[in-house]
Amino acid sequence: MSTVAEIEDAIRALSPAEREHLAQDLPSILPELNGDLQWQRIANDARPRPALTALGDEIAAQFKKNPAAFGELRDADFDKES
């Protein structure tokens with residue numbers, strides 16, 4: 001088996017087309033790169049998070065009290081560069 005350094009060198013040696021193909025295949029090769037799977041693991045994690053739960057409850061109460069204070073998100077809001 002190759003070392004990580006050898007694998008990195010081999011990737012750098014690929015043509016741009018081969019690198020693009022590899023980039024598209026990486027999530028199937030390394031499922032941990034799939035962001036949806038990571039969020040699913042987080043959402044399904046049953047460990048208690050009291051501080052996070054308290055924050056969520058506080059935000060929900062504020063929203064219930066004054067929903068107009070919360071701006072509506074649009075798809076375009078996520079297209080802006082930081």
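For the pair Asp77 (side chain) and Arg74 (backbone), a donor-acceptor distance under 3.5 Å is present.
Hydrophobic cluster membership is shared by Leu14 and Leu30, with clusters built from Ile, Leu, Val, Met, Phe, Trp and Tyr side chains linked at under 4.5 angstrom. No single ILVMFWY cluster, assembled from side-chain heavy atoms under 4.5 Å apart, contains both Trp39 and Leu33. When hydrophobic clusters are built by joining Ile, Leu, Val, Met, Phe, Trp and Tyr residues whose side-chain heavy atoms come closer than 4.5 Å, directly or via intermediates, Leu55 is grouped together with Phe70. Residues Ile29 and Ile7 fall within the same hydrophobic cluster, defined by Ile, Leu, Val, Met, Phe, Trp and Tyr side chains chained together at heavy-atom separations under 4.5 Å.
Of all non-hydrogen atoms in Pro27 and Ala23, the two that sit nearest each other are CD-O, 3.6 Å. For Arg12 against Arg19, the heavy-atom pair with the smallest separation is CA-NH1, 3.3 Å.
For residues 61-73, the set of pairs meeting the side-chain hydrogen bond (donor to acceptor under 3.5 Å, both in side chains) definition, not counting sequence neighbours, comprises Glu58-Gln62.
We find the CD-CD1 distance between Glu6 and Ile11 to be 12.0 Å, quoted to the nearest 0.5 Å. Interatomic distance, Asp45 CG to Gln40 CD, rounded to the nearest 0.5 Å: 12.5 Å. Taken from NE2 in His21 to CD in Gln24, the straight-line distance is 7.5 Å, to the nearest 0.5 Å.
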*asked:* Before you tell me yes or no, could you show the steps for Leu37 and Glu32 under side chain to side chain contact (heavy atoms under 4.5 Å, CB included), namely the whole-Å CA-CA distance, both residues' side-chain angles and the distance that decides it to 0.1 Å?
replied: CA-CA 7 Å; Leu37 290 177; Glu32 58 271 21; over 6 Å; no
